[in-house]
Every structure is written in C-alpha cells, then in structure tokens.
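So the structure is just underneath, and the comments pick up after that.
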Amino acid sequence: MTTTNSAPSSNFIKDIIAEDLKANKNEGRVHTRFPPEPNGYLHIGHAKAICLNFGLAAEYGGLCNLRFDDTNPIKEEAEYVESIIEDVRWLGFDWDDRLFYASDYFGKLYEFAILLIKKGKAYVCDLSADEIRETRGTLTEPGKNSPYRHRSVEENLDLFERMRAGEFEDGSRVLRAKIDMASGNLNMRDPVMYRILRATHHRTGDKWCIYPMYDFAHGQSDSIEGITHSLCTLEFEDHRPLYDWFIQKLGIFPSRQIEFARGNITYIITSTRRLRQLVEEGHVSGWDDPRMPTLSGMRRRGYTPESIRRFWQEVGVAKRENNIDIALLEHCLREDLNLRAPRVMSVLHPLRVVIDNYSEDQVEELDAVNNPEDPAMGKRKVPFSRILYIEREDFREDPPKKFFRLAPGREVRLRYAYYIRCVGVVKDEKTGEVVELHCNYDPATRGGWAPDGRKVKATLHWVSAAHAIEAEVRLYDHLFAKEDPSEVEGDADWKSNLNPNSLETLTSCKLEPSLAGAKPGYRCQFERQGYFCVDLDSSEENLVFNRTVSLRDTWAKIEKAQEMKQVH
RNA sequence: UGCGGGAUCGUCUAAUUGGCAGGACAGCGGACUCUGGAUCCGCCAGUCUAGGUUCGAGUCCUAGUCCCGCAGCCA
C-alpha cells in the first residue's frame, strides 16, 4: 500500500540551494548541521530543524553534522547531550562520525579572537554589564563608544591573555568587536565576543575561564565544518550581518545562513525554559511525561518517528508566522499507526454481560484479524465465554437518535463472535446504575455472520471476563486548555492555561489475553477506541498502557451536535 | 524617517518566476464497512488595502495598513 505524498515539493530553501548548485558554489557540496544547545530535552519544534537539516542533506546527496552549541557552561549539562543524541537517532537520522561540539573549537576561537585584536577589530572593555547596557543606546538612539575602545593592540593582547589566564574577576572585563556603536542593528554595536566565567564546562572542565559568546562561536563553527547552508530560525536574521562580518574579517569559509520560521502548534508550547519549569515544579512527571511535546515524551506516549517526520514534511517550511493545527500532527500519527498497529480488544469502562443461553463451562477460541489493513499480520484467537465485558458507553437504556449500539431488546454483533440481543438490565437498587446486562446469543451467527442475512447496525468489542487481564490505562488530553497556551487573561500566569484534565488514569481495564507480557514501547490499536502503547512504568504484574491518540470518533461528533441542538 | 523580516482558503503550504490560484488538515455531505476506524467520492473556502504597468498581476512598480523579531557578559 503506497500512500501518496502530498507534501509540498518546493520551498524557498530548496530554491536557494538550487541556485547555489547551479552557480557551482561550494563545488556542488551541500552540507548542513543541526546545532542544539544541550540545555534541555529536544521537542517537536527541534524536530522541524532536524528533519530540515538532515532531510535537505540527504536529498542533495550531502552531509549533515550534529553539533552541540555548548558555549555557556552554566546552562549546559551532559545529561542533555545524551538525551539529544538518543532523540535524533530515534527520529531516524545519522551523522556518522560527525558529532561535534562548539567547545571543540575553543582553541581555534581563541586564535580567531587574537587575530581580530591584531587587526584592530576587537578590544578589551572594562565596562560593567550595566554600563555596557547603558551605553548601547536604544532602538532609536545610537550608542556611545566605550572609553576603552581605543586601547592599543599590544594592551588588548596583553589584557585578553590575562583574561584567559584568570587574572581578572568574573564579569570585570569582556572582549568586544569594534564595529559601529551607531548601527541601526544593535548586534553590530560592539558586541561582546568573550566573557570571563569561572564555571566547569561539561566537556572542557576547568580548562577555560573565558567563554566565547554564541555570536562569536556559531558562524565560525559553521565555517570550520565547511557548512554550506546554515539553517536557523528567524530571530537570528539580524545576527547574520555580524556573522558575515566576523567571517569576512577573519577571511574564513563563508557559510550561507538561511532563516526560516519556527513551527508553532496549537495547544503546545516549545519554550525550553517553560518546559523545564513544568518539570521542575512537578506539573508533569518529567521531561518524558507522555503529555510533554518533548521527543522523549512523545516517544513514551507512542508517537512513531515516521509520523513526526511526515508531519514536518506536510507542514513545509516558509518564513511567515504560523500556528499549525495539532489535528494535522494527530492525523499523521493515525495514518502511520493505522497501517502498522495490530488490533486488539480492550474494555476501558467494563460493563458485565451475561449470555444467558450460553453454557457456563463452555469456552470457544474465535479467529480475529490482527490488522485489516495488512493481511500479512495474520490472525489470532480470542476466547469467548458466558460472562463478558463490554464498554459501558456501548449500552444505553434509553438510546438517543442515531445511537446504534446495544439497548434493551436490541441486537448487535460482538466482533468476531456472535450476534447478541439484550434481554435484561440489572441495576443497583440504590444508585440506579446499570451493573449488569443479560443477553441471548444466536448460535447460528458464530464468527459474526448471520446465515439469514439479517443486519445489525453496530459491532461491539468485548473481552471474556474469565480470560481478561487487568491493566491500568492512562488517557491523555492536551496539556494546555487553550489553543494558544501563552494567551492569558489580565496578568495571569501562562500556567493557568494548564488543562487540569490532561491525564485520566483508568484502573481495572479488561484486556484480551493476547496482551499478556506486552513490553514497554509496544504499540497496538484497541479496536474502536484508539492507539495505545505500553508505558515505561509497565511491568509483568502491573500492565500500564498510554493512549497515544484516539480514533476519529464520528459518534462523539453526532452526539455533540445533538447536544448543541438541544441547547439552542 | 532605528534596524531586520512577514502578509495566499478556518489552519499549514504551493503556483513552471508575469500565464487556468493547486494540495493537505479541519469542517460539511454521501458511498462503503464485522472498528460509528480505515477507504472512496463530493462540497465549502483564499491572494492585506488603494492605485499603476500589462493582452494578462499572488508575482512587477508606487503609496499605505497590519503582524513578528531585536536594546543578555543567553542561545
């Protein structure tokens, strides 16, 4: 079965690459990189950049590096490096031996700084952070030159060497590029290149007490690696003149930076800072909470890497602001899972059903198809007996219009089993709650076919009570109740948009016995309900399933529409 | 009269670079169905505004409007 690819085949980045190729720039090479800062876990937004960079390289027969932008030892940790490597691999990409770190280039970057000092293009500045801010000017007014701007090359060389040697206190001096304090582009107003920072770096330890700023590391890192097309998000657009300035003054390989719009998705936040806050304040169980938009969370939830890649391909890439309907993500997920997830029957909200005319000691093993989309996935046996569970929602004592399922006197099909007719309803005397159904089955309908050709309007899933295995099932809803989670009333906190019902835990769910021993990560479809995945918390004794995504639910839509009608 | 970007169906994104505004998601309707799933078919719906150039403008020109980013020794 081939799915037609409707994704846009063209975008502005490909246009640029095609032009460059046509002009025989870079000897026809295409070399990209994915440059995460190891200060948190990767999320769905990072996946866009990953798919773009690795995808473009693959498409043009080029290469894509994985490079950690680790220039700030205060924020970065080895734990994050590990998780990022795992997540990029999981997404399905490979960088061979091209795993790099900006910190690999600290020595080189230091040499670059010296070179700029020697050229009179950089100087050591003794202004405090506050003073630098004050003299930077504003968006509409030019800045003022630093009093240290005209130090001699010799003095700058000496001071910078002593900064490196640890002679000065943290924050007491910086190295600045000598560009233009009156530039309309604030990034060009003598930006800081190096700061003094006594912090242990996750890779270089205590070797350095000065660290380059991102702006003095990123462009040169690209250059060193021979990156031909350096893709980044829009907010770096006005940093490009600065990178180009460094590259030009240094006379090193010029990468071409291309900026694209990050992909926002409804009901999702992708701010690393905020995600960390959710973790640290315990709003979620961790970075890999299945409600998190992190790749580790989505993996645990049951997302496939294919569905994520497909999603970003469908979305495409452009420069305009965007807010993608999360329904598209879920569509890509379902589309993928539909083809590969084996079907099973599980009852989430059990309602006991006694088949009065089925003998007590009888058990039948019935044939069930594993995946109607893929005959190669074969069949399995499911046990049928006198006492069953069906979904509580599948019975209505007083069925509304268009409700086709079980009701008193009504006949339905039990999937792969028999036609049954409801002949009795047992209720709790006090609460009035339906606690048990009595039904008759038609022995002639074994397997689910009526020899007389009579039709039923519904097919229900079920589980044999005596054979059922119990499990905990976790149902998820959007983590945020608002389509735009950052939109708040008044001065309310963004966390006030957290959806209090994003997790619903069901216990004593009844699963068909074939699920016994299912291991974490195992994905399947609970028929008529959705796609589910065995959670990391699951064990042999205590099975735990996550609902990855529900199936499309036409009845829910009809019912909702009916309710709306009644209201009006 | 700071600098830099961006405006195409409800949403995301195309348009052979001046030549029939197309696709996907969502929504709605229908067909089919042993999952109210899947699948199939159909419908709805768009070029920010005003001028101009042109046989012809989403695309080129002029003037506007609106939106986003930038004042970390963060990335």
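Chain identifiers are assigned alphabetically (A, B, ...) following the order of the sequence lines, protein sequences preceding nucleic acid strands; residue numbering begins at 1 within each chain.
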* Please determine if A:R396 forms a cation-pi arrangement with A:F403, meaning its NZ or CZ atom is less than 6.0 Å from the six-membered ring centre and no more than 45° off the ring axis. => yes
Counting only side-chain nitrogens and oxygens, does [X] get under 4.0 Å of the OP1 or OP2 atom of [N]?
X: A:R189; N: B:rG72; answer: no
X: A:R262; N: B:rG69; answer: no
X: A:R334; N: B:rA26; answer: no
X: A:H331; N: B:rC25; answer: yes

* side chain to side chain donor-acceptor pair (under 3.5 Å) contacts touching residues 162-174 of chain A (sequence neighbours left out) -> A:D126-A:R173, A:D158-A:R162, A:R162-A:E167, A:D170-A:R198
* Structure fact -> For residues 261-274 of chain A, the side chain to side chain donor-acceptor pair (under 3.5 Å) pairs (sequence neighbours left out) are none
Nearest-neighbour nucleotide for the [X] side chain, [options] considered:
X: A:Y214; options: B:rA26, B:rA75, B:rC74; answer: B:rA75
X: A:A318; options: B:rG2, B:rA38, B:rA14; answer: B:rA14
X: A:T140; options: B:rC12, B:rG2, B:rG72; answer: B:rG2
X: A:F403; options: B:rG72, B:rG36, B:rU35; answer: B:rG36
X: A:T554; options: B:rA75, B:rG37, B:rA24; answer: B:rG37
X: A:E235; options: B:rG69, B:rC74, B:rC70; answer: B:rG69
X: A:L234; options: B:rA24, B:rG72, B:rG5; answer: B:rG5
X: A:N322; options: B:rC12, B:rA14, B:rG36; answer: B:rC12
X: A:R195; options: B:rA75, B:rU11, B:rG36; answer: B:rA75
X: A:D238; options: B:rG2, B:rC3, B:rC68; answer: B:rC3

Send over the distance from [X] [atom1] to [N] [atom2], rounded to a whole Å.
X: A:L186; N: B:rG72; atom1: CG; atom2: P; answer: 8 Å
X: A:N187; N: B:rC73; atom1: CG; atom2: P; answer: 11 Å
X: A:I558; N: B:rG36; atom1: CD1; atom2: P; answer: 11 Å
X: A:Y80; N: B:rC74; atom1: OH; atom2: P; answer: 18 Å
X: A:D336; N: B:rA38; atom1: CG; atom2: C1'; answer: 14 Å
X: A:D190; N: B:rA71; atom1: CG; atom2: P; answer: 17 Å
X: A:I16; N: B:rU17; atom1: CD1; atom2: C1'; answer: 14 Å
X: A:E335; N: B:rG37; atom1: CD; atom2: P; answer: 16 Å

* **Worked verdict on A:D484 versus A:S486 for side-chain hydrogen bond (donor to acceptor under 3.5 Å, both in side chains)** => CA-CA 6 Å; A:D484 176 3; A:S486 60; 2.8 Å; yes
* To do: Could you tell me whether A:R173 contacts a base, only the sugar-phosphate backbone, or nothing, with contacts defined as non-hydrogen atoms closer than 4.0 Å?
  => nothing
* Classify the nucleic acid contact of A:I210 as base, sugar-phosphate or nothing, counting any heavy atom under 4.0 Å across all strands shown. => nothing
Given the structure, check if the side chain of [X] and the base of [N] hold any donor-acceptor pair shorter than 3.5 Å.
X: A:R320; N: B:rU13; value: no
X: A:Q529; N: B:rU35; value: no
X: A:E237; N: B:rG6; value: no
X: A:R528; N: B:rG36; value: no
X: A:N185; N: B:rG4; value: no

Under a 3.5 Å cut-off for both distances, is [N] Watson-Crick or wobble paired, and to whom?
N: B:rA63; value: B:rU49
N: B:rC3; value: B:rG69
N: B:rG58; value: none

Parallel, tilted or perpendicular: which describes the rings of [X] and [Y], with under 30° parallel and over 60° perpendicular?
X: A:Y441; Y: A:Y418; result: perpendicular
X: A:H239; Y: A:F236; result: perpendicular
X: A:F160; Y: A:Y110; result: parallel

* Structure fact -> Result for 5'-nearest mapping on RNA chain B, choosing between A:K557 and A:G137, is A:K557
* **5' priority, RNA chain B, between A:W555 and A:L329 [closest heavy atom]** => A:L329
* Asked: When syn is taken as a glycosidic angle within 90 degrees of 0, is B:rG72 syn or anti?
  -> syn
* Strictly under 6.0 Å, is that where the ring centroids of A:F532 and A:F545 end up? -> no
